[in-house]
Each structure stands twice: as structure tokens, then as C-alpha cells.
Number of protein chains: 2
Amino acid sequence: MTFNKDESAGYLANHLARLFARDLQARIKPLGLSTGTFPALLVLWENDGLTQRELIERLDIEQPTMANTLTRMERDGLIRRCKDPADGRVQRIWLTDEARALEGLATAAAEAVNADALAGLGDEERAAFQATMRRIIATLQASADDRDTPARGRTESL
Amino acid sequence: MTFNKDESAGYLANHLARLFARDLQARIKPLGLSTGTFPALLVLWENDGLTQRELIERLDIEQPTMANTLTRMERDGLIRRCKDPADGRVQRIWLTDEARALEGLATAAAEAVNADALAGLGDEERAAFQATMRRIIATLQASADDRDTPARGRTESL
DNA sequence: TAACATTGCATATCAAGCTATGCAAGTGGT
DNA sequence: ACCACTTGCATAGCTTGATATGCAATGTTA
């Protein structure tokens, strides 16, 4: 009974994510954007002036990963980092006008990727798929928390 | 009507894949393995002596990515690359005894990740989820082919 | 207030993915 | 045999993800 990658949820999720990323990259490269900055932009388009930590929490990305992404975004003229006057440690992230101007085209590109990927699926199948993804994400986040904070008394993991 | 990342299949797929990778990484690091080599090992455990190209086709990975992965695997004593006597271009990939010895523990770790992730889902929900992932993968692969081979006469893209 | 802990961010280093490019080894046509 | 094309792989250089570590600024506490 050999392990079959094509029936492994983890392998399929990895493959699926790579295909989504390839598609998105192809569509947003003409806008001068890349896949790694996209999630940060989605958050910032909704709410400017966040700290790095707030971005990290909203996106479930490790802090050094976000720091590097923000450095690239600053280099590419998408954001500016400004010191918080009240707390000398904090750098607040502000979008440039150029980044704000890209919101419409960029989100349209992302919606096109989703529409492309989900074409051929019924409404209920799409809804079920996304609901299941969210449930698994929640499960894996909880088990990651267990790894970080090992056993707070109840439900010892044998 | 702002784009909502938490309802975007692409964003969810990316997040899900990162969580799967974190979990797998935590479990196979003690074995001296990493997530990038894992898919290659799954294929090679089933069938040794493949060429790089054959691995690429089975895993849908770009060729230079696979070349780098194989270099790391060789460095870490998991594989050996041997010139094909019949074709001087080809390097056939052979597992070392060390790599073969890891199959049981490694696949058990991967199964544990999947079991962990899918805990709380019913059998039919798991089956539906994996079926949908496979359908979307197929859809995205087809549309990538369209990008590479643009319009062979029929079904021009607008 | 001095000592210690925490918080926010940066840097170094690596893995894992990608595109672009180069080159050697085969293949095919003339 | 020679030229052009194709195939298989490697290398260079980038992005995106991670861990480990350091450090300055802030909080806390004796």
C-alpha cells in the first residue's frame, strides 16, 4: 500500500496553490505586481497605516517574510514606511498613490483567476470547496498552536 | 464591493498549502527530510532510475526547480545521478539505501499530516474536497496550456 | 531608577519555486 | 558528412517562504 500523492490532500493543496500562483503571476506581471506582494496589498487597500505586526496577523505570514516583502514593495514604489511618533519601534505602512491606482485592475485580475479556476464547478460545489478549505485552515492553525504551546493541561497529545 | 481575500479560492489555496507545508516540515525535519524533496521521493520510492524529465512530468515542476532539488538531494545523500550509457545527455536518478530506508517513516508522517488536517471532516466531505481539487488542477493546467500554445485555430480567446 | 522582560523590526541564511539563458548531446534532412 | 533543430540538463538570478538571531525601544518590577 504505497502512499499515493494524487490522493494526498497535502500534495494536492501544494499543486493547486502553485497553479493558482502561476496563473495570477501571468495576469499581474503586466501591472508590475507579483504574487508575494498581493496579499499585503489586499489588506492595505482596505486599511492603510497598519504596522508590520498587524499585517502579519491578518495574513498568517512569518515576520521576516513580511519584512522582506515590504522591503521589495518599498523598493518598487508601492508603499512607504513611516516611523510611528508614539512608539519608536513601530513602522506604519502607507500605500503610495501608484499602489492605490492599481487596486481596480489587480483585483479584477485576481477575480479572473478565480473565475478561470472555478469554471465548470456548480455554485454549491464552489461554496462547499471554500468552506472545506476554511475548515482545514482552521484545523491546521489550531494544531500549529498546539505545537507552539504544548499542552496547557487538558487534552494532552499522548 | 472590495475584493475579500477570505472568499478568494486562490488566496485560500495559498494559505492552505503553506499550512500543510509547515505541518509536514515539522514532522519530517527529524528524519532529515524537507518538503521540497518529498514529492520527488514519493515518485522515486515507486520507481527508481527515472530521468529528470520524467520526474518533472510526474510532478508538474519546472525543470530548473527540479535540477536544484536534485542537487540538494544528492548533497544530502538521498540520490545518486548516473549517466545513461545509451544517451549522454540523460542523468538517471537512483535512490540511495538511506533514502529507501526512510520510506516507511516519511509516508507515515505525510499520512499523519493529512489525517490531522482532515480530522473533523466526514468521509464524503473529504472525497468531495479532493475531487474538487483535482478538477481545479485539471482546469488550471488546461488554461496554462492555452497560455503556452495560444489558439490552435478553434476557440480563439476573444 | 536599575535590571529584566517583552515587543517590533531587521538581517543572515536557507529552501523551494520561477524565468531566462547556455550548452552539450542527439536527431534529421540534404 | 554537415547544418539545423531538438532534447536534457545546468547555471544565474529573482521571488516567496521559512528559522535563527540580533538589537533598539518600550514595559515592568524590585
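- Checked against side-chain hydrogen bond (donor to acceptor under 3.5 Å, both in side chains), B:Ser143 has the following partners two or more places apart in sequence or in another chain: A:Asp116.
- By the 4.5 Å heavy-atom criterion applied to side chains, A:Glu103 and B:Phe3 are not counted as neighbours.
- Contacts between residues 59-67 of chain A and DNA chain C, counted as heavy-atom distances below 4.0 Å, involve A:Gln63, A:Pro64, A:Ala67.
- Residues from residues 92-103 of chain A that place a heavy atom under 4.0 Å from any atom of DNA chain C: there are none.
- Remark: A:Thr71 pairs with A:Arg81 by the side-chain hydrogen bond (donor to acceptor under 3.5 Å, both in side chains) rule, at least two apart or across chains.
- By the 6.0 Å contact criterion, CZ on B:Arg100 is enclosed, its count of non-hydrogen atoms from other residues, nucleotides or ligands being greater than 12.
- To the nearest 0.5 angstrom, A:Arg135 atom CZ is 10.5 Å from B:Leu118 atom CG.
- Nearest to the side chain of B:Arg89, among D:dA25, D:dG8, D:dA10, sits D:dG8.
- When the P atom of D:dA24 is taken as reference, atom NZ of A:Lys83 falls 12 Å away, rounded to whole Å.
- Between B:Arg72 and B:Asn68, the side chains place no donor N or O within less than 3.5 Å of an acceptor N or O (distance only, hydrogens not considered).
- Taking 4.5 Å as the limit, some side-chain heavy atom of A:Leu55 sits within range of a side-chain heavy atom of A:Leu44.
- In this entry the distance linking CG of B:Leu70 with P of D:dG8 reads 15 Å, nearest Å.
- If you take CZ on B:Arg18 and OG1 on B:Thr35, they are separated by 13.5 Å, rounding to the nearest 0.5 Å.
- Bounding nucleotides for the chain A contact on DNA chain C, 5' to 3', at a heavy-atom distance below 4.0 Å, are C:dT7 to C:dC18.
- Projected onto DNA chain D by closest heavy-atom contact, B:Arg81 and A:Ala86 fall at different nucleotides, the more 5' of which corresponds to B:Arg81.
- Atom CD1 of residue B:Ile56 and atom CG of residue B:Leu50 lie 11.5 Å apart, to the nearest 0.5 angstrom.
- Checked options A:Ile79, A:Thr69, A:Asp76; the residue passing with A:Thr37 is A:Thr69 (criterion: side-chain contact (heavy atoms from CB on, under 4.5 Å)).
- Residues from residues 14-52 of chain A lying near DNA chain C, meaning a heavy-atom separation below 4.0 Å, are A:Asn14, A:Arg18, A:Arg22, A:Thr51, A:Gln52 in numerical order.
- For the residue pair A:Gln52/A:Gln63, the side-chain donor-acceptor check at 3.5 Å is satisfied.
- Annotation: the span from B:Leu95 atom CG to B:Leu41 atom CG amounts to 6.5 Å, rounded to 0.5 Å.
- Here the CZ-CD distance, from B:Phe129 to B:Glu124, works out to 14.0 Å after rounding to the nearest 0.5 Å.
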